[in-house]
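Remember, predicted model here, so these are calculated numbers, not experimental data. All chains are named by letter (A, B, ...) in the order of the sequence lines, taking the proteins before the strands, and each is independently numbered beginning at 1.
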2 protein chains.
Amino acid sequence: MTVAARGRPGPSIADVAQLAGVSAQTVSRVSTGAENVRPETRERVLAAMDELGYSPNHAARALRYGSFGTIGLIAHRLARTGESRTIEAVVESARAEGYTVSLVDVRTPGSADVTDAVARLSHQSIDGLIIIRAETATPVALALPPRMPVAVSDSRFVGHHPAVGADQVTGTHLAVQHLLDLGHRTVHHVAGPDDSAPAQMRAAAWREHLVGSGRPVPEVLVGDWTARSGYEIGRRLAADASATAVYCANDEMAAGVVRALYEAGRRVPDDLSVVGFDDIPLAEFLWPPLTTVQQDFHQIGDRLLDLLMRQIRGRETLTDTRIVVPTRLVVRASTAPPPA
Amino acid sequence: MTVAARGRPGPSIADVAQLAGVSAQTVSRVSTGAENVRPETRERVLAAMDELGYSPNHAARALRYGSFGTIGLIAHRLARTGESRTIEAVVESARAEGYTVSLVDVRTPGSADVTDAVARLSHQSIDGLIIIRAETATPVALALPPRMPVAVSDSRFVGHHPAVGADQVTGTHLAVQHLLDLGHRTVHHVAGPDDSAPAQMRAAAWREHLVGSGRPVPEVLVGDWTARSGYEIGRRLAADASATAVYCANDEMAAGVVRALYEAGRRVPDDLSVVGFDDIPLAEFLWPPLTTVQQDFHQIGDRLLDLLMRQIRGRETLTDTRIVVPTRLVVRASTAPPPA
DNA sequence: GCCGGCGATGTTGACGTCAACATCGGAAGC
DNA sequence: GCTTCCGATGTTGACGTCAACATCGCCGGC
């Protein structure tokens, strides 16, 4: 954590002032765009800035203003579909608000790592913090610096921190009901890992829906979000003659399941129907095009930033705010009635 | 770009000092971990910090030290495969070095936007800058603050800025030669957009390889990296009876091509062979598993950070350093000899 | 010709931290 | 008992910027 001492010390406002033959304050006025500077003086200052390659020292401004124009963002595996798209949305919205985003990733799902990341970031200069992750191991009460605005992408934080989450439950109900409507007797479930809160929510909603509909509840098949885990589960499913419909907790696992089924000679959707979750850009272009539950990551990101900005700007306290972003079922070609 | 005035003015070192009944300097000593503080005094200070919820003001430290422990990262569409994986690697390596990453995205490929992003970031305090993008419209000589260390993920910058790039040329040769070896008379090419430098490099290498092998060069089919564009191109390809092999500039377009071919009743690889580029995690689990050129985004990210840190740490000047990260062909099931 | 007033510019101090130097008090050595 | 030394703690100033206040010079009005 040792950081190179004394980064390039660049020219300061005083250097510009000297070169332009004015006081530092006049330079400051020019660089903040104040009105009351004679055009001729302004020109001279601008020329001096240009010559020296001056740009204002943000540390000094931040110190002066008590604000950094930066928000921190903690994510677990940031190359993953949901994460990267949410981050993209946050970054875009933040830019519109004049803020920059500081990114920290967290290696393991453990809570120690999160605490560490929070410490790292609050050590950095941030005006607020967004946490994009949802591991069940994450402590619900985070050890945050006092008065630090926070927004979290996990509805488990309700009552602790303002949260934004997709509507896992409705999405799951739509998916399962779609399969039941097609005539399937029951629906198998390929779940995400045990330590993922959204995975747990999807699995619980699936179970509840089956129970509520009086259907048998097959054993849950647990994957780890990767296509590979879906593939391995798919091989087991292919051997299970009773399975006719599978609801997968994400699209990657669904793709793995489909490939395993093909390899085993079982056709999708003729022999088995498969539904995914997320609606990744490729979902439509898999073969067959995947029926899936669409989540709007972009909106999640926007809402997160909005919640955060309201706290930063307005000093609002939003502790138990919870925003649920709707999900919807996109029916494509991977689902059909069960074989006769 | 106006930023909320005066963020939460938390307790300062002086408040802690007063509560603990010591001087500010002693508090500073405790918080920087200096040795020479009586254990009893240290305890009292720590207790006071705890009570007030003190954490050191990073802006003040940055001002003092002249370093933010932050590097800037500019990317175009950061949710895209290559971008997000490279970013992930950069963030991870940066953390290992004790640095945080500040993210700015660029909406359009135009150079004005890049200049703007650079300005935004150097306005922030960063110790170095990584630019992950490769649009041909990006000016080769960037208007950077003087003395700002930079690393760029585009080999076009050679001679201007230290650059890291995947070996597009070798990757392309491997892919095309693989198809020729299988017995295809020639290879069609689905290219990325005109404004992408890697797309141009792949297309040029493809053309060169065909010419060098004395094969006819079919018209280039230009997509925009999305699966949808691949799908539309695929429909045209399906109608072209002469096409037996297609080299696509990325995996998403390859997936779109494959789907279009299936819809048109043409089998992959029996009727047409398809090769992609990138080796996205899903490539192996498409149907059929996609033969593709693997690029190591993680390594690209690592190298970028390494180049940057060498400049930040050692004051090295690396202007014409160029690192080429190898690519390799991963043969799966989407390629086969042409139909008899 | 003097004065009020106003716009342009300069001066001072404060933001929070920490390094360098100053001071203070006690223990060891003679 | 007095000096010396050393470790613990305090004081000062500087990092770069900008708001608040001070000053300066000029113009117009009488």
Side-chain angles (χ1 to χ4, degrees), chain A residues 2-3 5-45 48-49 52-69 122-125 127 145 147, chain B residues 2-45 48-49 52-69 122-125 127 145:
Chain A
T2 320
V3 151
R6 304 237 126 254
R8 32 171 207 106
S12 83
I13 205 171
D15 302 320
V16 176
Q18 188 179 10
L19 180 60
V22 297
S23 74
Q25 181 53 26
T26 300
V27 176
S28 167
R29 274 190 265 261
V30 171
S31 89
T32 50
E35 300 290 304
N36 46 350
V37 178
R38 222 170 6 139
E40 175 193 322
T41 311
R42 162 172 282 115
E43 279 315 311
R44 226 171 48 238
V45 170
M49 284 181 175
L52 294 174
Y54 167 82
S55 78
N57 179 316
H58 186 68
R61 281 199 170 162
L63 176 58
R64 188 85 229 292
Y65 289 130
S67 161
F68 306 99
S122 38
H123 220 57
Q124 300 300 318
S125 329
D127 298 322
R147 286 175 302 286
Chain B
T2 320
V3 150
R6 303 238 126 254
R8 40 180 196 101
S12 83
I13 205 171
D15 302 320
V16 176
Q18 188 178 11
L19 180 61
V22 298
S23 74
Q25 181 53 26
T26 300
V27 176
S28 166
R29 275 191 264 261
V30 171
S31 86
T32 49
E35 300 289 305
N36 46 348
V37 177
R38 227 174 358 146
E40 174 193 323
T41 311
R42 162 172 280 117
E43 279 315 309
R44 227 171 47 239
V45 171
M49 284 181 175
L52 295 174
Y54 167 82
S55 76
N57 178 316
H58 188 68
R61 281 197 171 165
L63 176 58
R64 188 86 231 293
Y65 289 131
S67 161
F68 256 79
S122 39
H123 226 50
Q124 303 297 320
S125 308
D127 300 323

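- Heavy-atom distances to DNA chain C give each of Pro39(A) and Ala24(A) a nearest nucleotide, and the one nearer the 5′ end belongs to Pro39(A).
- Remark: the backbone N or O of Ser28(A) is paired with a side-chain donor or acceptor of Thr32(A) at under 3.5 angstrom.
- Within 4.0 Å (heavy atoms only), Val22(B) reaches sugar-phosphate atoms of the nucleic acid but no base atom.
- Between Ala60(B) and Gln25(B), it is Gln25(B) whose nearest contact on DNA chain D lies nearer the 5' terminus.
- In this structure a side-chain-to-backbone donor-acceptor pair under 3.5 Å is missing from Arg29(B) to Ala34(B).
- Across all strands, Val37(B) comes closer than 4.0 Å only to sugar-phosphate atoms, never to a base (heavy-atom distances).
- Across the protein-nucleic acid pair, Ile13(A) atom CD1 and dA14(D) atom P stand 18 Å apart, rounded to whole Å.
- Following rounding to the nearest Å, Tyr54(A) (OH) and dG16(D) (P) show an atom-to-atom distance of 10 Å.
- Proximity of Val27(A) to Met49(A): side-chain heavy atoms (C-beta onward) are separated by under 4.5 Å at one or more points.
- Between Tyr65(A) and dA19(D), a side-chain N or O to OP1/OP2 separation shorter than 4.0 Å is present.
- Nearest heavy-atom pair across Ala20(B) and Ala48(B) is CB-CB, 3.8 Å.
- At whole-Å resolution of the value, CZ in Arg44(A) and C1' in dG10(C) are 14 Å apart.
- A straight line from CE of Met49(B) to C1' of dT17(C) spans 12 Å, rounded to a whole angstrom.
- Relative to the side chain of Asn57(B), the nucleotides dT9(C), dA8(D), dT17(C) differ in distance, and dT17(C) lies closest.
- The minimum heavy-atom distance linking Ser31(B) with Arg61(B) is given by the pair OG-NH2, 3.0 Å.
- Of the side-chain N and O atoms in Ser28(B), none sit less than 4.0 angstrom from OP1 or OP2 of dA19(C).
- Residue Ser31(B) places at least one side-chain N or O closer than 4.0 Å to OP1 or OP2 of dC18(C).
- The distance between atom CZ of Arg42(A) and atom P of dG7(C), rounded to the nearest whole Å, is 16 Å.
- Put simply, Thr41(A) has a side-chain N or O that comes within less than 4.0 Å of OP1 or OP2 on dT9(C).
- Put simply, Arg64(A) has no side-chain N or O that comes within less than 4.0 Å of OP1 or OP2 on dA14(C).
- Note: CG (Asn36(A)) to P (dC18(D)) measures 14 Å, nearest angstrom.
- Residue Glu40(A) contributes atom CD, which lies 15 Å from atom C1' of dG25(D) at whole-angstrom precision.
- The 12-atom threshold is not exceeded at CD of Gln18(A), counting heavy atoms of other residues, nucleotides or ligands nearer than 6.0 Å.
- Atom CG in Leu63(B) sits roughly 12 Å away from atom P in dG16(C) (whole-Å rounding).
- Nucleic acid contact for Thr26(A): sugar-phosphate only, since backbone atoms but no base atoms lie under 4.0 Å from a heavy atom of the residue.
- For Ser23(B), taking side-chain heavy atoms from C-beta onward, the closest of the listed nucleotides dG16(C), dG10(D), dT9(C) is dG10(D).
- Counting distance only, with no hydrogens placed and no angle test, the side-chain atoms of Arg29(B) and the base atoms of dG10(D) include a donor-acceptor pair under 3.5 Å.
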